Protein chains: 2
Amino acid sequence: MPAEVSSASPASPPLTERQEARRRRILHASAQLASRGGFDAVQMREVAESSQVALGTLYRYFPSKVHLLVATMQDQLEHMHGTLRKKPPQGESAAERVAETLMRAFRALQREPHLADAMVRALTFADRSVSPEVDQVSRQTTVIILDAMGLENPTPEQLSAVRVIEHTWHSALITWLSGRASIAQVKIDIETVCRLIDLTSPETHE
Amino acid sequence: MPAEVSSASPASPPLTERQEARRRRILHASAQLASRGGFDAVQMREVAESSQVALGTLYRYFPSKVHLLVATMQDQLEHMHGTLRKKPPQGESAAERVAETLMRAFRALQREPHLADAMVRALTFADRSVSPEVDQVSRQTTVIILDAMGLENPTPEQLSAVRVIEHTWHSALITWLSGRASIAQVKIDIETVCRLIDLTSPETHE
DNA sequence: ATCAAGTCTGAAACTTGTTCTAGATTAGCG
DNA sequence: CGCTAATCTAGAACAAGTTTCAGACTTGAT
């Protein structure tokens, strides 16, 4: 039986069990170090040591620190998506549900602010060489938001609104992480941008 | 007593003429290198050499590469604000004028994509130690947008909308710079978010 | 079991941001 | 002018991301 985990990359060569285990150890070490001290605390030598892997091997699995942290984020996002699925948001309107979902995610990040710092900084600092991975994170986020909206076939307009919501989400996180915006401020920004959803979903229109 | 050589905000001790000239040379070299190869091409040793200043001096003027690039951005923003003032946007509604203004700025950035890369990456990668400077950039951007709206006394709601517009602006730039979104996509995102302005200022605002 | 190809390890080397030091220069002041 | 503190310079040194390499280990196919 092929242990197909439909998680990430398209057609990467299948990993042996030991390789899968290595990959897991690395991601775990990365998240642990990140939780402790954020982006700067994730030092490649330390990640290698913590996960009992040679530095060269670490770089074979993740070609840069940013790749590693983005992969860490993919990992965490899957987790979160699972959690959110179990308790779907309760709001009346789509806008309310999306805002509630994002605020829930935000509270989760607040519990591990250093980890959030590492992941989000990596995400926005990533250059073109990490585009595929960053794009994957973006798609995953889109799925979460569309889930919250409860839409099967979003219109192009609604997809634009979702894109803008994602932009706001990332950027608001950055301002919070760098101490330039309060938690309350982020909440307001999220609620503000979510109003766009009402704009793009015409009331009674069947 | 260490002399603060920070850039703008409160009361930095006055610089002598030669110091002002040094600062200018440094910023010029920074922008030039950035224009050539983006964030990575701005290497502190090269900036120092290009601007005929010792490495230690460079660090006295700008305590990190990110500080330097954010200051470069402040510089460019002032330029842009001046340019925009001369030819105010023509749109009917506030939303249109803001979108037009941002698209104009976007086109300016497209002419120097590497410079844009360096500045925007620095801006979003900046940690807490650069908050004052990043905040200054943010305030300047806010002023530009409010100018385009033509508002003297924005309501809190409108300020929230402006914040969200700025979030979208930054994040959309990032996705464009890293090749994950097309120019057309960025245009759509900007136009989409600008609709928020209509939401917060109904009909004819006196 | 054996061989070839691919993978992992440990360690050193290289790159670039950042810090430090000792001595030269400059600015302000009496 | 001559002094003192601040600033500037050249260059070494340090830190962390990344690359490289020779040799040991695994894996898969025969």
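FYI, side chains are in, hydrogens and waters are out, and symmetry mates aren't considered; it's all heavy atoms of this structure. Quick note on labels: first sequence line is chain A, next is B, and so on, each numbered from 1. Bear in mind the structure is a predicted one, so any value in this text is a computation, not a measurement.
Considering only side-chain atoms of B/Val53, the nucleotide from D/dT9, C/dT26, D/dA12 that sits closest is D/dT9. Comparing C/dT9, C/dG28, D/dG17 by their closest approach to the side chain of B/Thr16 singles out C/dG28. The side chain of B/Arg18 lies closest to C/dA27 when the candidates are C/dA27, D/dG17, C/dT9. Residue A/Arg60 has its side chain nearest to C/dT7 when only D/dT18, D/dT26, C/dT7 are considered. When each of D/dT19, C/dT9, C/dT18 is scored by its nearest atom to the side-chain atoms of B/Leu55, the top-ranked nucleotide is C/dT18.
Dashed line: the shortest gap from a side-chain N or O of A/Gln19 to OP1 or OP2 of C/dC8 is under 4.0 Å. Between D/dT20 and A/Tyr59, no contact under 4.0 Å exists linking OP1 or OP2 to a side-chain N or O. For D/dT9, the OP1/OP2 oxygens have a side-chain nitrogen or oxygen of B/Thr57 closer than 4.0 Å.
Residue A/Tyr61 is classed as a sugar-phosphate contact, given heavy-atom separations below 4.0 Å to backbone atoms only. Among the protein residues, B/Arg45 comes within range of the nucleic acid bases, having at least one heavy atom under 4.0 Å from a base atom. Residue contacts for B/Val42: at a heavy-atom cut-off of 4.0 Å it reaches the sugar-phosphate backbone alone, with no base atom in range. B/Gln52 comes within contact range of the sugar-phosphate backbone alone, with a heavy-atom separation under 4.0 Å but no base atom that close.
Relative to the ring axis of A/Tyr61, A/Arg22 does not place its NZ or CZ within 45° and under 6.0 Å from the centre. Relative to the six-membered ring of A/Phe39, A/Lys65 meets both conditions, a distance below 6.0 Å and an angle of at most 45° to the axis.
Distance CG (A/Leu58) to C1' (C/dT9): 13 Å, rounded to an integer number of Å. The distance between atom CG of A/Leu69 and atom C1' of D/dG17, rounded to the nearest whole Å, is 12 Å. We find that CZ of B/Phe39 is positioned 13 Å from C1' of D/dG17, with the value rounded to whole Å. At whole-Å resolution of the value, NE2 in A/His67 and C1' in D/dG17 are 14 Å apart. A/Glu20 has its CD atom 19 Å from the P atom of D/dT26, to the nearest Å. Remark: P of C/dT15 and CD of B/Glu46 are 13 Å apart, rounded to the nearest angstrom. Distance A/Met44 CE to C/dA13 P: 21 Å, rounded to the nearest Å. A/Lys65 has its NZ atom 15 Å from the P atom of C/dG17, to the nearest Å.
Ion pairing between a basic and an acidic side chain is recognised when a charged N comes within 4.0 Å of a carboxylate O; A/Glu191 and A/Arg195 show no such pairing. A salt bridge does not link A/Glu49 to A/Arg45: none of the charged nitrogens lies less than 4.0 Å from a carboxylate oxygen.
Listed here is the closest heavy atom pair of A/Leu177 and A/Pro113: CD2-O, 3.8 Å.
Counted by atom type alone, B/Gln32 and B/Ser50 present zero donor-acceptor pairs between their side chains at under 3.5 Å.
Both A/Gln43 and A/Pro63 sit near DNA chain D, but only A/Gln43 has its closest nucleotide nearer the 5' end.
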